[in-house]
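All residue numbers refer to positions in the sequence shown, counting from 1. No hydrogens, no waters, no symmetry mates; every other heavy atom, side chains included, goes into these values.
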Amino acid sequence: MATLLQIHEPGETPQPHESKSELAIGIDLGTTNSVVAVSRDNKPDVLKGDDGTALVPSIVAYAPDGSAIVGVLAKGLLLSRPGAVVSSIKRLMGRGVEDIKSLAGQLPYEIENENTQGMVRLRVQGNSLTPVEISADILKALKERADENLGESVTKAVITVPAYFDDAGRVATKDAARLAGLEVLRLVAEPTAAALAYGLDAGAEGLYAVFDLGGGTFDVSLLRMQKGVFQVLATGGDAALGGDDFDHAVAEYFLGQRTEKLHEKSFSADEAKVALMTARIAKECLTSEESGEWVIEAGGETSRHSLSRDELEQLIGPMVGKAIKICSNVLDDGGVSTDEIKGVVLVGGSTRVPLVRKRVGEFFGREPLADIDPDEVVAIGAALQAEALTQGSDTLLLDVIPLSLGLETMGGLVEKVVHRNTTIPVAKAQEFTTFQDGQTAMSIHVVQGEREMVDQNRSLARFNLTGIPPMTAGAARIRVTFQVDADGLLTVSANEDSTGIESQVEVKPSYGLSDEEMATMLRASMEHAKDDMELRLLTEARVEAERAMNAVEAALKADCSLLDEGERAAIGRQIDVVMAACRGSERDLINAEAENLDTVTRPFAEKRMDKGINDALKGAPVSKLESKAD
């Protein structure tokens, strides 16, 4: 098939001599886990860490000095230092303080500016942090993984966002990428990326549904594939529905039991974080097991909790039902029935929950497609699109805008200019006029949403068109144009016909980062890049050393009798040395003393192993041992 024409924004057309060899990566910035991938010669490859896993937990731990560690190490601190750890930050991307208040009691965060307007800030270990900055730390970790795997510094990426992310969420994602040192080639809707990963363009034509249930967001999209063109016909979802909500339901169930058993009147934020982590583990176990028992240790108290799969399904049933109802609405928007759907693609780790798969299969009347890992499929699609944008491709993505865009008119009414499920990029204009005689200015208020009144929708931006000639009411002609680019980001302009005066605004929600804040952060990240890396490595060394000390102390508590007084004293002295090193700032010293601790405790470990073998063999008849040896 011949390559389709490549369309570029004005002034961005590449020069003929420009090289196309630069690699670009695909990133799935997830609520629970994130993944980075690259594609070469149309062969995508998910990039893995030293532990051989592709998933990077979307969890960040902060030290009082502001240094951050991301991923598995940070996840390991969630139970022992819950106050230092932030998870599920994607749920706050592009949200204002008023939005967060609607989630009160669901998010175990300390909100710094609860009574102020503007962007949400979290208080973590004495640091004031925005969701954009925390997400940037996750993106930096993904970029570092890519750099290490590819042997070069990668600066360009395609990043996926939930199809139902509004303009604010998309702007926040782009801001986070800039802070992480990445140029976003395009923001791609997660369901569209998943369809690309399945190669549905390779010979597959017709209608497909993509059911994407991740940790914090839910989307369902209806796509038509025809000769290499991916067209999203309709999309729907909920930016606050996902596996996290399943975890919250289980955690509340556990905490309810805990308060009864321990006669507590309330529980702390740290207890809530530990309960959420325990609930997540329980949910994942019940994917394959019928029942189980789990322990919550927090605040010096221990409680035990049992849960069966049937009980889990009762807790999460209403949320799964909500997702299925949204599927029905999207099919109605697209004007199709389930009989016309050729296949259903499952995306997101939460689609592993048996009840979810069962209900999706029942609704669509067919077994869903899940032969690609649902945790990796979005990143793979993003990598394919990244290669297409840098190397050329014979596929074309035609996405849609998820929520209508409009203007406030008299009486607080909304006049929709671009309706939801309109294919993007798009430009649409509408004419307005003045309301009063002699009016020389007009206030333009841009909103997003499906409701009829301004206060029922999300306010995106305000700007003024001034210099309108004084005329009788209704005589002036003001043309307002909405332009939505391929990323779903909006620019609004207004001009008066008779004079040609014009004003425009690149919409950036009031709770996004200002240009000044962004410039300051970028400048700081460049000035302190080396120091920041040293701090992170130092923090990682401290965490590993602390983990080693905890393991040794637990072993001593269990089997101290295996050691004589001199051996116990030697181990105790080395633990004190490691603790002293951790209080300092010499990373090499911390690592060296942690290794010395390993050396000092090796004989103890051998004694424990011998004891374990002896305990296992104690009382076993010789004939049984001989038969096992044979």
Checklist entry - Any side-chain heavy atom of Leu241 sitting closer than 4.5 Å to one from Met319? => result yes
Item to check | Salt-bridge criterion met for Asp373 and Arg352 (N-O under 4.0 Å) | outcome: yes
Item to check | Minimum heavy-atom distance between Ala24 and Leu185, given as atom pair plus value | outcome: CB-CD1, 3.7 Å
Item to check | Check: Ser58/Ser34 side-chain N/O donor and acceptor closer than 3.5 Å | outcome: yes
Checklist entry - Any side-chain heavy-atom pair from Thr173 and Met93 closer than 4.5 angstrom? => result yes
Next on the checklist: Donor-acceptor check, side chain of Arg357 to backbone of Thr351, threshold 3.5 angstrom: yes or no?
Outcome noted: yes
Checklist entry - Backbone N or O of Thr130 within a donor-acceptor pair of the Glu133 side chain at under 3.5 Å? => result yes
Next on the checklist: Set out, in order, the CA-CA distance, both residues' side-chain angles and the distance that settles side chain to side chain contact (heavy atoms under 4.5 Å, CB included) for Val336 and Leu207, then state yes or no.
Outcome noted: CA-CA 9 Å; Val336 300; Leu207 288 172; 3.7 Å; yes
Next on the checklist: For the SG atom of Cys327 and the CG atom of Asp332, what is their distance to the nearest 0.5 Å?
Outcome noted: 11.5 Å
Checklist entry - Would you find a donor on one side and an acceptor on the other, under 3.5 Å apart, between the side chain of Asn329 and the backbone of Gly236? => result no
Item to check | Nearest-0.5 Å distance that lies between atom NZ in Lys342 and atom CG in Leu223 | outcome: 13.5 Å
Checklist outcome for this item: Ala234 and Asp333 have their tightest heavy-atom pair at CB-CB, 4.0 Å
Item to check | Pairwise side-chain contact, Val417 with Leu405, heavy-atom cut-off 4.5 Å (strictly under) | outcome: no
Checklist entry - Do you know which of Glu415, Lys416, Arg479 makes side chain to side chain donor-acceptor pair (under 3.5 Å) with Gln430? => result Glu415
Item to check | Residues Val232, Leu222; criterion side chain to side chain contact (heavy atoms under 4.5 Å, CB included); working and verdict | outcome: CA-CA 6 Å; Val232 181; Leu222 187 62; over 6 Å; no
Checklist entry - What heavy-atom pair brings Leu29 and Lys90 nearest, and what distance separates the two atoms? => result O-NZ, 3.0 Å
Item to check | Asn33 and Val56, any side-chain heavy atoms less than 4.5 Å apart | outcome: no
Checklist outcome for this item: Separation between NZ (Lys325) and CZ (Phe363), nearest 0.5 Å, reads 9.0 Å
Checklist entry - Going by heavy atoms in the side chains, are Ile25 and Leu150 under 4.5 Å from each other? => result yes
Checklist outcome for this item: Here the gap from Asp238 atom CG to Thr217 atom OG1, rounded to the nearest 0.5 Å, amounts to 9.0 Å
Checklist entry - Would you say Ile134 and Leu92 make side-chain contact, with heavy atoms under 4.5 Å? => result no
Item to check | Working for side chain to side chain contact (heavy atoms under 4.5 Å, CB included), residues Phe246 and Val353 | outcome: CA-CA 10 Å; Phe246 297 175; Val353 175; 4.3 Å; yes
Checklist entry - Does any N or O in the side chain of Thr390 come within less than 3.5 Å of the main-chain N or O of Ala386, such that one atom is a donor and the other an acceptor? => result yes
Item to check | Thr160 backbone acceptor or donor facing Arg186 side chain under 3.5 Å | outcome: no
Checklist entry - Checking Gln448 side chain against Ser404 main chain: does a donor-acceptor pair fall under 3.5 Å? => result no
Checklist entry - What's the shortest heavy-atom distance between Leu179 and Ala136, and which atoms? => result CB-CB, 3.7 Å
Checklist entry - So does Arg477 have more than 12 non-hydrogen atoms from other groups sitting under 6.0 Å from CZ? => result yes
Item to check | Aromatic ring proximity Phe364/Phe211, centre distance under 6.0 Å | outcome: no
Next on the checklist: Counting C-beta onward and ignoring hydrogens, is there a side-chain heavy-atom pair between Pro131 and Arg91 closer than 4.5 Å?
Outcome noted: no
Next on the checklist: Less than 4.0 angstrom from a charged side-chain N to a carboxylate O is my criterion; do Arg366 and Glu340 meet it?
Outcome noted: no
Item to check | CD1 on Ile89 to OG on Ser135, rounded to 0.5 Å | outcome: 6.0 Å
Item to check | For the student: nearest non-hydrogen atoms of Ile468 and Ala476, plus distance | outcome: CG2-CB, 4.1 Å
Checklist entry - Is any side-chain heavy atom of Leu182 closer than 4.5 Å to a side-chain heavy atom of Lys143? => result yes
Item to check | Heavy-atom closest pair, residues Val161 and Arg170 | outcome: CG2-NH1, 4.0 Å
Checklist entry - Which value, rounded to the nearest 0.5 Å, describes the distance between Leu331 atom CG and Ile326 atom CD1? => result 12.5 Å
Item to check | side chain to side chain contact (heavy atoms under 4.5 Å, CB included) between Leu129 and Arg121, intermediate numbers included | outcome: CA-CA 5 Å; Leu129 298 163; Arg121 286 188 174 274; over 6 Å; no
